[in-house]
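Letters A, B, ... are given to chains in the order of the sequence lines, protein chains preceding strands, and every chain is numbered from 1.
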Protein chains: 2
Amino acid sequence: MSQAQAKEEPTRLERLCAEKGLKMTEQRRVIARVLSEADDHPDVEEVYRRASAHDAGISLATVYRAMRMFEDAGIVERIDVGDGRAHYEEARGDQHHHLIDVETGSVAEFTSADVDAILQRIARDLGYSLVGTRLALFGVRRDKPAEER
Amino acid sequence: MSQAQAKEEPTRLERLCAEKGLKMTEQRRVIARVLSEADDHPDVEEVYRRASAHDAGISLATVYRAMRMFEDAGIVERIDVGDGRAHYEEARGDQHHHLIDVETGSVAEFTSADVDAILQRIARDLGYSLVGTRLALFGVRRDKPAEER
DNA sequence: CTAAATGCAAAACGTTTGCTTCGGT
DNA sequence: ACCGAAGCAAACGTTTTGCATTTAG
């Protein structure tokens, strides 16, 4: 386990994969690294692009399969930014939500214990146990001089 | 029953189409009626099915085109229940959200001025004007006798 | 009469899958 | 040696589109 090889990072994702008993192939290692390095919310095509840069021998199907696996394992989260593609981010422990800039497509994150609590209560009042929340805001910058697109 | 003509309904949607200067074709009239009559959140295929019952000469492509038009005109709203298809509902004036029963797929609606207000403020604090909110809760019934699936 | 809307079938799009080969454990 | 995983391409389900024809205004 403790190798002095210094392969750039422990890569939390790799460790989690091992824990889940998943085969750690070279492709998955690369994809995991890409996701760990990402500080944005890449879609599958983009993950594929970045992974290909690390290792050309990766197919799009493998990325799709890996993303689904990672998602099922709970180590990445799919987010829907409204462009028809699935975007992903590494699953940190926190419950956070997204605000999408409709002009640039960039994604900001935020948390709100208040909102989370109210939603929890609303679900309860409706007779449900809350098992998931999908919340995304869409906005335009307020300050910036009105530049189109 | 207040209507002498008895064309079944004034169909708010039809009126709105006229106001927007859209051609009111037979197909659109039928689709508009289907949407006005719906009290659920049909997907396009379902709208097509219902419209076909009223008038067999409607193609799926026309339904898709009509839905997009209606959506752009702001007279219907697209909602994403997480099944990969677009679902629609007539746009009433209110800001409401959805709770999807993950077991049955049924959709309940709710409103929360509190949540709306907090989200508005959050967007503002992040430097954005809120132009849209996508909020959906996913839950399982709490009370019902523990029947799986 | 003219521009816009329809129908049909084909294409586009993101995603999944069957099958054979490959590689981790 | 096994069995899961990769690669490729073909299949998929949803949505869009090109084009010839019809129709509302």
Side-chain angles (χ1 to χ4, degrees), chain A residues 1 3 5 7 13-34 41-49 51-52 54-73 75-76 78-88 105, chain B residues 7 11 13-34 41-49 51-52 54-73 75-76 78-88 105:
Chain A
M1 312 254 222
Q3 75 278 45
Q5 258 307 94
K7 263 271 188 153
L13 289 189
E14 294 183 42
R15 220 178 315 123
L16 285 166
C17 284
E19 283 169 22
K20 304 260 177 187
L22 304 175
K23 268 194 190 175
M24 188 39 62
T25 61
E26 172 60 16
Q27 292 78 334
R28 281 183 191 169
R29 207 180 308 280
V30 170
I31 294 168
R33 183 148 301 153
V34 164
H41 308 81
D43 59 27
V44 175
E45 199 77 42
E46 180 60 27
V47 172
Y48 171 57
R49 219 171 288 126
S52 296
H54 287 252
D55 176 340
I58 288 188
S59 75
L60 185 56
T62 295
V63 178
Y64 270 105
R65 279 193 270 238
M67 298 313 290
R68 185 138 54 98
M69 253 225 353
F70 289 168
E71 193 186 356
D72 291 346
I75 59 186
V76 302
R78 178 207 302 258
I79 73 177
D80 172 17
V81 303
D83 66 351
R85 274 158 269 156
H87 292 244
Y88 290 91
Chain B
K7 259 276 190 155
T11 321
L13 289 189
E14 295 183 40
R15 219 179 318 123
L16 285 166
C17 283
E19 282 170 23
K20 303 261 179 186
L22 305 175
K23 269 193 188 178
M24 186 39 62
T25 63
E26 172 60 15
Q27 293 74 337
R28 280 183 191 168
R29 206 180 309 277
V30 170
I31 294 166
R33 184 149 300 154
V34 164
H41 308 80
D43 61 26
V44 175
E45 201 76 42
E46 179 61 26
V47 172
Y48 171 57
R49 220 171 288 126
S52 296
H54 286 254
D55 175 340
I58 288 188
S59 76
L60 186 56
T62 296
V63 177
Y64 270 104
R65 279 191 272 236
M67 298 314 289
R68 185 139 54 97
M69 254 225 353
F70 289 167
E71 193 186 356
D72 291 347
I75 59 185
V76 302
R78 179 203 305 255
I79 74 178
D80 172 16
V81 302
D83 66 351
R85 273 157 269 156
H87 291 243
Y88 291 91

> Only one of A:M67, A:H41, A:E71 passes side chain to side chain contact (heavy atoms under 4.5 Å, CB included) with A:R78; say which it is.
A:E71

> In whole Å, I'd like the distance from the CD atom of A:E46 to the P atom of C:dT15.
14 Å

> Tell whether B:K23 reaches the base of D:dG25 with its side chain through a donor-acceptor pair below 3.5 angstrom.
no

> Nearest to the B:R68 side chain among D:dT17, C:dC8, D:dT15, which nucleotide is it?
D:dT17

> With sugar-phosphate meaning primed atoms plus P, OP1 and OP2, does A:A66 contact a base, only sugar-phosphate, or nothing at under 4.0 Å between heavy atoms?
nothing

> CE of A:M67 versus P of D:dA5: gap in Å, rounded?
16 Å

> B:R78 or A:L60: which one's nearest nucleotide on DNA chain D is closer to the 5' end?
A:L60

> Does C:dT6 have OP1 or OP2 under 4.0 Å away from a side-chain N or O of B:T25?
yes

> Of all the heavy-atom pairs spanning A:R28 and A:M24, show the shortest one and how long it is.
CB-SD, 3.9 Å

> Which whole-number value in Å describes the distance from A:E45 CD to C:dA12 P?
16 Å

> What is the distance, to the nearest angstrom, from the CG atom on A:D83 to the P atom on C:dG14?
9 Å

> Please figure out whether B:A61 or B:R28 has its closest DNA chain C nucleotide nearer the 5' end.
B:R28

> Between C:dG23 atom C1' and A:L22 atom CG, what is the distance in whole Å?
16 Å

> Answer with base, sugar-phosphate or nothing: what part of the nucleic acid does A:R65 contact at a heavy-atom distance below 4.0 Å?
base

> Using whole Å, what does the distance between atom C1' of nucleotide C:dT6 and atom CE of B:M69 come to?
13 Å

> Is there a side-chain contact between B:D55 and B:Q27 (heavy atoms, below 4.5 Å)?
no

> Base, sugar-phosphate alone, or nothing: which one does A:I58 contact when heavy atoms must sit under 4.0 Å apart?
sugar-phosphate

> Could you check whether any side-chain N or O of A:S52 sits under 3.5 Å from a backbone N or O of A:Y48, counting only pairs where one atom can act as donor and the other as acceptor?
yes

> Separation of B:D43 atom CG from D:dT15 atom P, in whole Å?
7 Å

> Is there a side-chain polar atom (N or O) of B:Y64 under 4.0 Å from OP1 or OP2 of D:dT16?
no

> In whole angstrom, give the distance that lies between atom CD of B:E26 and atom P of D:dT21.
23 Å

> Within less than 4.0 Å of OP1 or OP2 of D:dG7, is there a side-chain N or O belonging to A:Q27?
yes

> Within the 4.5 Å heavy-atom criterion, are B:V44 and B:R85 side-chain neighbours or not?
no

> Tell me which nucleotide among C:dA5, D:dT15, D:dA6 gets nearest to the side chain of B:A86.
D:dT15

